[in-house]
Amino acid sequence: MALTEGCRLAYAAGLILGVLGILGAHRGSLTQAPAVSLLKIPVAGSRQKPPVKFSHRMHEARGVACAQCHHDYQGRRNVWHEGQPVAKCQTCHGLRPEARRLDLKNAYHRQCKGCHLRLRQQRRQAGPIECRDCHRRT
């Protein structure tokens, strides 16, 4: 049974609206980073510090490439590139170090604090390096 031209147009319009609706639910892009993320280490007890508020937009505006933080190491080479899915850090980094992988706390600190320290050594503008400057109660 053949569809009439009006039915085909309605079908195409519905399909387009459906795709636009899905993209709208994802704020326009399936790979766009959130403006602000909360980085939290899921530990129990009184030693837990407040989560760190991380601004993707601020780092992007300062020219930090996504692959400087996001990674998928195969051997010693980062094969992750922009546009690929981003796994949560906890996917690979657990609460304890294992088999040549840093634990989550040290992975965050090496990435963030390490980068900020390198920038300071180069006498460039850099983010915070003190605990209280990152771990703030909101």
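Since we're looking at a predicted model, the values are computed, not measured.
- Of the possible polar contacts, none joining the Gln122 side chain to the Leu119 backbone as a donor-acceptor pair under 3.5 Å is found.
- Counting heavy atoms from C-beta on, the side chains of Arg57 and Ser55 come closer than 4.5 Å.
- The main-chain N or O of Ala67 is never found under 3.5 Å from a side-chain atom of His71 such that the two would form a donor-acceptor pair.
- With rounding to the nearest 0.5 Å, the separation of CG in Leu39 from SG in Cys112 is 6.0 Å.
- His135 contributes a side-chain N or O that, together with a main-chain N or O of Pro50, makes up a donor-acceptor pair within less than 3.5 Å.
- Around the CD atom of Gln90, the shell of radius 6.0 Å holds more than 12 heavy atoms that belong to other residues, nucleotides or ligands.
- Heavy-atom minimum distance, Gln111 versus Cys69: NE2-CA, 2.9 Å.
- Between His70 and Trp80, the distance from one ring center to the other falls under 6.0 angstrom.
- The NZ atom of Lys40 sits 15.0 Å away from the SG atom of Cys89 when rounded to the nearest 0.5 Å.
- Remark: side-chain polar atoms of Asn78 are paired, donor with acceptor, to backbone N or O of Asp72 under 3.5 angstrom.
- Here the two rings, on Tyr108 and His93, have centers that are 6.0 Å apart or farther.
- Heavy atoms only, all atoms of each residue included: Pro128 and His116 are closest at O-ND1, 2.7 Å.
- Side-chain atoms of Arg62 and Gln125, non-hydrogen and from C-beta on, do get closer than 4.5 Å to each other.
- Contact annotation: the side chain of Asp103 approaches that of Pro97 to within less than 4.5 Å [non-hydrogen atoms, C-beta and beyond].
- Interatomic distance, Arg137 CZ to Lys49 NZ, rounded to the nearest 0.5 Å: 10.5 Å.
- Of the possible donor and acceptor atoms, one in the side chain of Arg120 sits under 3.5 Å from a partner among the backbone N and O of Gly127.
- No more than 12 heavy atoms of other residues, nucleotides or ligands shown are found within 6.0 angstrom of CD on Glu60.
- Under the 4.5 Å side-chain contact rule for hydrophobic residues, Leu38 and Leu104 do not share a cluster.
- Aromatic ring orientation, His56 versus Phe54: perpendicular (interplanar angle above 60°, classes split at 30° and 60°).
- The structure places CD1 of Ile129 at 12.0 Å from NE2 of His109, a figure rounded to the nearest 0.5 Å.
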